[in-house]
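Keep in mind that this is a model prediction, so the values were computed, not measured. Values below: every heavy atom of this structure, side chains too, minus hydrogens, waters and symmetry copies. Proteins get letters first, then strands, A, B, ... in listed order; numbering begins at 1 in each.
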Amino acid sequence: MKFATWNVNSLRARADRVEDWLDATDADVLTIQETKCRDENFPWGAFEMAGYQVAHFGYSQWNGVAIASRVGLDDVQRGFNGQPAFGKNGVDAQVEARAISAVVGTKNTDVEPFRLYSLYVPNGRSLEDEHMGYKLDFLDQLHSHITSDLDANTRVALTGDWNVAPYDEDVWDMDFFLENGMTHVSEPERRAFRQFEESGLVDVVRPRHPGPETYTYWDYQRLSFPKNTGMRIDFILASQNLAAEVTDAWIDREERKGTGPSDHVPVVAQLG
DNA sequence: ATGGTTGGCGCCCAA
């Protein structure tokens, strides 16, 4: 069973590429971030035609997360307990469409079912922006929620765009980031991310594809992809029992090429 | 100058 995560930067703009990628990769499950649409303009048909069930959480042109699965999709949860709301200057604060989870693996596979999250962690925007506080709070609350019922029997994978580069080698030039006060690499952000690893969740890709210069995202600007000035910010973190079943994992760098790519590429794990 | 953008959907914001 093969599952993947991908920030597609608008599903409507990327539907053809997503369908082509699912077909070529033969992925059983895909968690999607930045669908950038509401249910009424979600491209349901393309997934159904390809044999995938889909659960979506999106209510505006921003954010939006989904899970597509052909190995079962049960007990869908939109958001998570304790997820903080956000509104500019506290006005009209809402729980944004940044988290959805479901149990996958309930059919058409030998793998034992597990809960799979599709996460779009807020971008901090700048170190002083109120969105940075929101980002840190989001990660803290997510960590509390996940660890509240995490034990040796819990089968869970947290996947998505974490908007954090947890280690120095996860950006192309750490000195540049520090000198310019860039987000994604600050100590508070890294602490917020590392809580998950310290609680026993395992990055299943990094050991197989260590850095440096192993990235999942390249800005559209400044010829970032040809120059390989990228960041590793998309991760699959798995509970230890699930991580032990992973037989392969990789970053599909090829997907950044060609006409009309997302600025992120898929990250994939093979189970069994 | 990190020269070089993309998407939504509005005539700017988010990333």
Gap between atoms CG and P, on A/Asp175 and B/dT2 respectively (whole Å): 15 Å
Whole angstrom value for the distance that separates C1' of B/dA14 from NZ of A/Lys88: 10 Å
Spacing of A/His131 atom NE2 relative to B/dC13 atom P, expressed in whole Å: 15 Å
DNA chain B: 5'-proximal contact among A/Tyr217 and A/Trp172 (nearest heavy atom): A/Trp172
For atom CD of A/Glu179 and atom P of B/dT2, their distance in whole Å: 12 Å
Gap in Å between the two C1' atoms, one belonging to B/dG10 and one to B/dA14, rounded: 14 Å
Distance, C1' atom - from B/dC11 to B/dG7, rounded to whole angstrom: 15 Å
Touch class at under 4.0 angstrom, heavy-atom based, for A/Tyr120 against every strand present: sugar-phosphate
A/Met182 vs A/Phe176 side-chain heavy atoms within contact, under 4.5 Å: yes
Separation of B/dC13 P from A/Glu130 CD (nearest whole Å): 15 Å
C1' gap between B/dA1 and B/dT5, integer Å: 15 Å
Sequence-distant partners of A/Asp75, side-chain contact (heavy atoms from CB on, under 4.5 Å), two or more places apart: A/Gln77, A/Val103, A/Arg115
Polar side-chain atom of A/Arg70 near backbone of A/Ala50 as donor-acceptor pair, under 3.5 Å: no
Sugar-phosphate, base or nothing in reach of A/Met231, heavy atoms under 4.0 Å: nothing
Between P of B/dA15 and CD1 of A/Ile233, the distance in whole Å: 12 Å
Footprint string (nucleotides 3-10 of chain B, 5' to 3'): B base within contact, S backbone only, - free, heavy atoms under 4.0 Å: SBBSBSS-
Atom pair distance, as rounded to whole Å: CZ in A/Phe86 and C1' in B/dC13: 13 Å
Atom-to-atom span, CG of A/Asn180 to P of B/dA1 - whole angstrom: 12 Å
Parallel, tilted or perpendicular: rings of A/Tyr134 and A/His131 (30°, 60°): perpendicular
A/Asp92, CG: over 12 other non-hydrogen atoms inside 6.0 angstrom: no
Contacts of A/Glu197 that satisfy side-chain contact (heavy atoms from CB on, under 4.5 Å) - sequence neighbours left out: A/Tyr167, A/Phe193, A/Arg194, A/Asp203
Inter-nucleotide C1' distance (B/dG3, B/dC9), Å rounded: 28 Å
Donor-acceptor pair, side chain of A/Asn89 and main chain of A/Val91, under 3.5 angstrom: no
